[in-house]
Structure formats: C-alpha cells, structure tokens
Amino acid sequence: MDPISAAGISAALSTRPEVWIATDHQITPQTVGVIVADTMDEEAAGLLRAVRSKGVRHVVAVVSEMADSSLMAAVESGVSGVVRRREATADRLVQAVTSVHRGAGVVPPDMLGRLLKRVSQVQEQVLTPRGLRVTGLTEREEGVLKLVAAGLDTREIAKRLAYSERTVKNVLHDITHRFHLRNRSHAVAYAIREGLI
C-alpha cells in the first residue's frame with residue numbers, strides 16, 4: 001500500500017471507537033487487515049501475502065476495480081471483504097472491518113453475483129467432472145460423515161450405503177488425512193464447524 005493510502009486509511013479509522021490500529025507486535029488471529037490497491041494484480045497479491053504472513057487471517061481489500069478472475073483469486077488468497085475505493089468512506093470501512101471481524105464476508109452486491117457465477121462455473125467445469133464439490137468432499141464422503149454424525153458405526157454405515165466396511169473405513173481415512181484430522185469424531189466436529197455437512 002502506498003504511503004498516501006496508508007495515511008488516509010489510518011486517519012479515517014484512528015478516530016473511530018469501534019476499531020483500533022494495531023502495530024505489528026499487536027497482531028492477533030482476530031486482527032483484520034486492510035489493503036488498498038488499484039486492482040487485485042500480482043502486486044496486490046504480494047501485499048496480501050505479506051499481511052497474512054504476519055498472522056492476519058482476515059483481510060478487507062479496498063480496490064478501484066476488480067475483474068471476475070481477480071475476485072476469485074482474492075477470495076482464494078483469503079480476502080474476507082471487498083470495498084470499492086470510491087465507496088471507502090470511514091463509515092463504510094468501519095462497517096466492513098467490524099463485519100469481517102464478526103465472521104461475515106463483505107462484498108458489493110454486483111460483485112457477489114459475479115462471484116457466485118464464477119463459483120458455479122468452477123463447480124460445473126472443474127469439480128463435478130472429478131466427483132468433487134466446493135466443500136472439498138465427494139458425495140460419498142459427505143454421506144459417510146453425515147451418518148457418522150448421526151451416531152452410526154462402520155457396519156451400520158456400510159449396510160445403509162451398500163458399501164463394504166472397508167470402503168467406509170477408507171473414506172473416513174481419506175477425509176481425516178486430507179483435512180489433517182485425528183479421528184472420525186474430529187472429522188465430524190470439523191465438518192459441522194466448517195459447514196461441510
């Protein structure tokens with residue numbers, strides 16, 4: 001972010017009681033970063049990586065323009081909110097930062113429509129042909145996890161889904177390995193917490 005933009009963002013937010021400007025030593029996992037860029041190009045992606053490398057998990061990007069491909073790249077890179085530069089008043093920035101801090105995503109409505117269209121295209125053209133969903137789970141994996149969450153054991157799941165017990169165990173192993181989980185209980189807890197099932 002250029003010095004003028006950084007000074008402008010700091011000035012706009014520093015007088016607001018809802019937010020405070022953190023120094024590098026004050027960053028926690030709950031800190032919301034703000035980056036300013038003309039577009040989400042490679043330079044902005046580098047800035048985003050630098051902010052995230054400091055431990056910032058949630059970032060609001062203030063941009064002049066955002067192409068569809070850049071919007072997807074921004075989301076994949078961990079941007080939780082987008083504010084158009086021309087709409088970046090102090091009130092709008094505070095709203096975006098506090099919303100992202102509470103766990104909400106912030107995207108202008110027209111960008112949200114474009115983002116949903118891109119996600120749908122990725123689902124249809126890339127994931128579905130490979131048996132995957134946006135969640136990262138296959139239909140089979142989702143079905144097995146739902147039955148584990150319902151309290152069924154391996155034998156009951158195999159009978160209900162017409163799989164062998166070995167297949168059920170392999171599915172659960174694949175899930176725990178892919179998401180770095182300890183066991184089936186951890187897999188269910190993770191899937192529920194992340195909204196996968």
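Open room surrounds CD on E43; 12 or fewer heavy atoms of other groups in view lie less than 6.0 Å from it. The 12-atom threshold is exceeded at CD of E165, counting heavy atoms of other residues, nucleotides or ligands nearer than 6.0 Å. Within 6.0 Å of the CD atom in E18, the count of heavy atoms belonging to other residues, nucleotides or ligands exceeds 12. Dense packing is recorded around CZ of R178, with more than 12 heavy atoms of other residues, nucleotides or ligands lying under 6.0 Å away. Heavy atoms from other residues, nucleotides or ligands lying under 6.0 Å from CZ of R193 number more than 12.
In terms of heavy-atom proximity, V79 sits nearest to A61 at CG1-CB, 4.1 Å. Shown here for V100 and H58, the closest heavy-atom pair between the two residues is CG1-CB, 3.5 Å. Scanning all heavy atoms of the two residues, the minimum distance from K54 to I27 falls at O-CG2, 3.5 Å. The shortest heavy-atom contact between M40 and S70 is O-OG, 3.5 Å. Smallest separation of non-hydrogen atoms from S99 and V106: CB-CG2, 3.6 Å. Shortest non-hydrogen contact noted between A187 and L181 is CA-CD1, 3.5 Å.
Between M111 and V82, some side-chain heavy-atom pair lies under the 4.5 Å cut-off. Looking only at side-chain heavy atoms (C-beta outward), F179 and L137 come within less than 4.5 Å of each other.
For the side-chain contact (heavy atoms from CB on, under 4.5 Å) with L145, the lone residue among V188, I157, V171 that qualifies is V188.
Between R92 and E87 there is no salt bridge, since no side-chain N of the basic residue sits under 4.0 Å from a carboxylate O of the acidic one. Using a 4.0 Å cut-off between charged nitrogen and carboxylate oxygen, K159 and D153 do not count as a salt-bridge pair. Between R160 and E156 there is no salt bridge, since no side-chain N of the basic residue sits under 4.0 Å from a carboxylate O of the acidic one.
Cation-pi geometry between R140 and Y163 is met: under 6.0 angstrom from the ring centre, within 45 degrees of the axis.
Going from atom CE of M72 over to atom CZ of R114 covers 12.5 Å, rounded to the nearest 0.5 Å.
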Audit row: L161, V168, side-chain contact (heavy atoms from CB on, under 4.5 Å) steps and yes/no: CA-CA 9 Å; L161 297 177; V168 172; 5.7 Å; no
Audit row: M66, T39, side-chain contact (heavy atoms from CB on, under 4.5 Å) steps and yes/no: CA-CA 6 Å; M66 177 91 69; T39 62; over 6 Å; no
Candidate pair S80 and R57, rule side chain to side chain donor-acceptor pair (under 3.5 Å), full reasoning: CA-CA 9 Å; S80 302; R57 296 189 332 212; over 6 Å; no
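The backbone N or O of Q121 sits nowhere less than 3.5 Å from a side-chain atom of E124 that would complete a donor-acceptor pair. For E142 (side chain) and E139 (main-chain N/O), no donor-acceptor pair under 3.5 Å exists by modelled atom type.
By the 30° and 60° cut-offs, the orientation of the rings of H180 relative to H177 is tilted.
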